[in-house]
Number of protein chains: 4
Amino acid sequence: MKNTDKREEIMRAALELIAEHGFHGAPMAMIADKAGVGAGTIYRYFEGKDALITELYRELEGKLLAYLQEGYSAADPTRERFLHVGAAVLRYFIASPLHFLYMEQYMNSPFGIALKRDRLLGQSDEGDLFFKSIFEEGMAQKVLKELPIFVHFALTFGPLIVLIRDHILGLISLDDARIMQITEASWDGVKR
Amino acid sequence: MKNTDKREEIMRAALELIAEHGFHGAPMAMIADKAGVGAGTIYRYFEGKDALITELYRELEGKLLAYLQEGYSAADPTRERFLHVGAAVLRYFIASPLHFLYMEQYMNSPFGIALKRDRLLGQSDEGDLFFKSIFEEGMAQKVLKELPIFVHFALTFGPLIVLIRDHILGLISLDDARIMQITEASWDGVKR
Amino acid sequence: MKNTDKREEIMRAALELIAEHGFHGAPMAMIADKAGVGAGTIYRYFEGKDALITELYRELEGKLLAYLQEGYSAADPTRERFLHVGAAVLRYFIASPLHFLYMEQYMNSPFGIALKRDRLLGQSDEGDLFFKSIFEEGMAQKVLKELPIFVHFALTFGPLIVLIRDHILGLISLDDARIMQITEASWDGVKR
Amino acid sequence: MKNTDKREEIMRAALELIAEHGFHGAPMAMIADKAGVGAGTIYRYFEGKDALITELYRELEGKLLAYLQEGYSAADPTRERFLHVGAAVLRYFIASPLHFLYMEQYMNSPFGIALKRDRLLGQSDEGDLFFKSIFEEGMAQKVLKELPIFVHFALTFGPLIVLIRDHILGLISLDDARIMQITEASWDGVKR
DNA sequence: CATGAATGAGTTTTCATTCAT
DNA sequence: TATGAATGAAAACTCATTCAT
């Protein structure tokens with residue numbers, strides 16, 4: 001097992017346990033066990049539990065952004081670009097429900113609050129920049145309502161977040177047709 | 001201090017501490033301290049920490065629903081009713097940010113997952129019924145797109161949730177004008 | 001309800017709860033509840049939990065001794081007197097299994113150890129004197145083996161204690177015929 | 001210190017403290033302290049306090065049975081076999097008074113009641129079988145009275161239990177001569 | 001006298017982290 | 001580098017006792 005493999009096993013184990021049982025329902029010993037490593041080994045790869053939680057979040061965020069960029073072309077019309085990203089978000093989280101549960105839990109905990117505050121103070125992160133260009137261009141082209149970027153983001157992605165949760169909980173089933181329909185309806189909230 | 005006062009002091013203390021520090025950052029001893037009661041006293045009013053957390057959620061949910069119903073008239077046109085409720089949600093949480101932080105944290109934790117599953121199995125709760133009538137009537141009147149209720153809910157309230165969080169984090173400032181604008185834009189996502 | 005009634009209700013409740021659940025499995029609040037009095041009321045009749053436990057033991061011991069003396073005649077032959085007392089012990093505890101469970105638990109706990117040590121230092125208690133006369137007279141008459149009183153006591157009452165427990169646990173069923181048989185067999189252990 | 005050593009240190013500490021102070025007079029922290037281990041360490045070896053108490057009882061019982069079997073020969077006459085076992089019980093507990101105090105306390109608490117009931121439902125334990133053969137053979141040979149095994153057991157071992165307690169409390173002193181005398185007298189209660 | 005809500009010291013138990021191997 | 005037994009500080013929770021009503 002390569003070094004890197006161990007690190008990944010730890011993250012995979014943490015993801016599964018925390019997504020299902022929350023930050024407390026997941027003791028380090030249990031994570032180590034599930035990862036097939038010794039309890040002390042986690043501390044060779046992560047400073048502590050908080051660091052593990054935070055680094056895992058960053059990792060998942062990176063994977064999401066990478067997926068969203070697949071097949072994305074800055075040359076496409078604004079609407080196409082949004083539809084691509086919106087549908088990709090839905091598909092990504094439907095395929096990786098644990099990622100969703102983990103990320104939501106993280107963002108709605110004091111960890112996430114701290115993260116958001118940090119980003120507000122520092123520069124925008126990669127993800128924000130990514131979405132921002134769509135909305136700014138859309139407004140420049142008079143295709144979108146004149147609203148702050150945060151509002152555009154909320155109007156378009158807010159519905160997706162709620163629906164992904166509903167899907168994961170089994171309240172609704174999102175197939176490809178519905179994904180298109182929803183993404184388009186999201187767009188309707190911001191278009192002129 | 002009346003019986004009821006102590007129970008309320010405990011809930012107030014728990015709300016503040018958990019909203020700010022999360023479920024773990026808030027030990028029972030700290031809650032008792034902040035509430036001005038003995039550690040054992042909490043257990044006279046709540047079976048344990050989990051029960052306190054859950055009952056507090058129910059209480060906050062009840063308060064929110066009560067507020068949404070103020071000035072709500074089933075006789076108003078569909079759109080007015082939605083605008084009333086949507087704006088009320090925003091105003092409520094802007095006035096009570098701790099309620100929002102607590103409820104979001106709860107809903108995105110294993111507690112909330114369990115709650116949603118329970119509600120799915122049992123009958124809908126009061127809140128669901130409340131929103132449902134607006135969307136069902138809107139579809140009957142051909143004012144709204146033909147979509148499952150869960151999708152209507154997501155398209156309209158999803159944006160609000162995201163924006164409330166942004167407001168509380170100071171990323172954006174929601175004044176009355178913006179509240180109207182946003183609520184109307186939310187409606188645009190579902191109207192035909 | 002007279003004062004005295006309350007005291008008795010408390011003792012009755014304590015007896016039942018402690019016999020069944022042990023000294024810890026029986027919190028003061030539970031005893032008060034079962035007795036139908038307020039938790040504070042117990043402290044008007046007993047100094048504290050230890051005092052309640054000890055006074056209850058003394059009370060039960062007194063009742064047992066009173067029962068053993070019923071129909072007992074110092075004029076009877078030694079063997080009759082023993083058979084009377086032995087059979088009475090069995091009948092008493094079979095009729096009052098909670099008394100047995102409580103007294104055994106007490107005697108085998110640090111409470112009982114302390115009690116025995118106290119009695120050793122001070123004068124013998126009423127009960128000891130009671131049995132002592134039978135064995136001393138029996139030895140004087142050359143009917144019994146020449147043994148220390150404690151040994152006589154052990155040889156005759158030891159079997160009874162074990163059998164009462166077995167009966168209460170349902171391992172064996174003691175009817176009148178068996179009671180006689182056992183009492184007589186106990187006597188055989190000490191007679192010449 | 002080997003693994004096993006720690007487990008044994010914990011049991012030794014628990015034995016001493018519980019024998020002397022009872023199940024409550026012996027907090028886990030005190031046991032850990034006396035054992036020279038951290039408080040959490042106990043939980044690596046035992047599921048909780050109840051498990052520690054129960055496993056310690058089983059361990060002591062095992063040691064007792066092992067001692068009784070030393071030098072025991074199924075080929076010896078019934079009476080010799082009983083005298084061997086009876087005297088061994090006395091010698092064992094006189095040498096290990098803490099074992100006696102602990103086991104008696106256990107058997108007379110709700111723990112012991114539960115244990116006896118369990119054994120009644122399941123098959124007899126090793127110890128029962130051990131004694132049973134002596135009494136059954138004795139009856140078959142017409143050496144012993146025709147009585148249920150439980151009664152034989154009570155008549156022979158009941159006295160020993162009481163005397164061991166008296167010895168430990170200092171009420172009587174059991175030397176080898178007395179041990180023989182008592183064991184023989186016990187046998188007299190059951191022989192024809 | 002009686003009450004029972006309130007208390008907080010004391011208990012069991014958990015778990016992130018360390019460190020000898 | 002990896003381990004996992006050991007730790008002990010900190011957590012949840014209990015309960016004998018008090019005291020204002």
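Numbers restart at 1 for each chain; the letters A, B, ... are given by sequence-line order, proteins then strands. In what follows, every heavy atom counts, from backbone to side chain, and hydrogens, waters and symmetry copies are set aside.
In this structure, the side chain of D:Ser109 engages the main chain of D:Phe111 through a donor-acceptor pair within 3.5 Å. In this structure a side-chain-to-backbone donor-acceptor pair under 3.5 Å is missing from B:Thr41 to B:Val37. Judged by distance alone, with hydrogens and angles left aside, the side-chain atoms of B:Tyr102 form no donor-acceptor pair with the main-chain N or O of B:Leu17 at under 3.5 Å. Between the side chain of A:Lys49 and the backbone N or O of A:Phe23 there is at least one donor-acceptor pair closer than 3.5 Å.
For A:Arg44, the listed nucleotide lying nearest its side chain is F:dA2; candidates were E:dA5, F:dA2, F:dT7.
In this structure, D:Glu9 places its CD atom 19 Å from P of F:dA5, rounding to the nearest Å. We find that CG of C:Asp33 is positioned 9 Å from P of E:dG4, with the value rounded to whole Å. At whole-Å resolution of the value, NZ in D:Lys6 and P in E:dA20 are 12 Å apart. In this structure, A:Ile10 places its CD1 atom 13 Å from P of F:dG4, rounding to the nearest Å. Nucleotide E:dC19 holds its C1' atom 16 Å from the CD1 atom of A:Ile42, rounded to whole Å. Atom OH in B:Tyr45 sits about 20 Å away from atom P in F:dA12, given to the nearest Å. The CZ atom of A:Arg7 sits 13 Å away from the P atom of F:dA2 (whole-angstrom rounding). Note: CG (A:Leu52) to C1' (E:dT17) measures 14 Å, nearest angstrom.
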Might you list the N or O atoms of the protein lying below 3.5 Å from N or O atoms in nucleotides 12-16 of chain E, with each pair's distance?
unit_1 : atom_1 : unit_2  : atom_2 : d
E:dT12 : OP1    : D:Lys49 : NZ     : 2.6
E:dT12 : OP2    : D:Met28 : N      : 2.7
E:dT13 : OP2    : D:Tyr43 : OH     : 2.9
E:dT13 : OP2    : D:Lys49 : N      : 2.9
E:dA16 : OP1    : A:Lys49 : NZ     : 2.9
E:dA16 : OP2    : A:Met28 : N      : 2.4

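The minimum heavy-atom distance linking C:Ala14 with C:Ile31 is given by the pair N-CG2, 3.9 Å.
Salt-bridge check for C:Glu61 with C:Arg119: passed, with a basic side-chain N closer than 4.0 Å to an acidic carboxylate O. Between D:Glu9 and D:Arg12, at least one side-chain nitrogen of the basic residue sits less than 4.0 Å from a carboxylate oxygen of the acidic one, meeting the salt-bridge criterion.
In this structure B:Arg44 satisfies the side chain to side chain contact (heavy atoms under 4.5 Å, CB included) test with no other residue, sequence neighbours excluded.
Five base pairs at each end of the helix from E:dA2-F:dT21 to E:dT21-F:dA2 define two local axes, and these are offset by 10° (rounded to 10°).
Ring geometry for B:Phe93 against B:Phe100 counts as perpendicular: the plane angle is over 60°, on a 0 to 90° scale with 30° as the lower cut.
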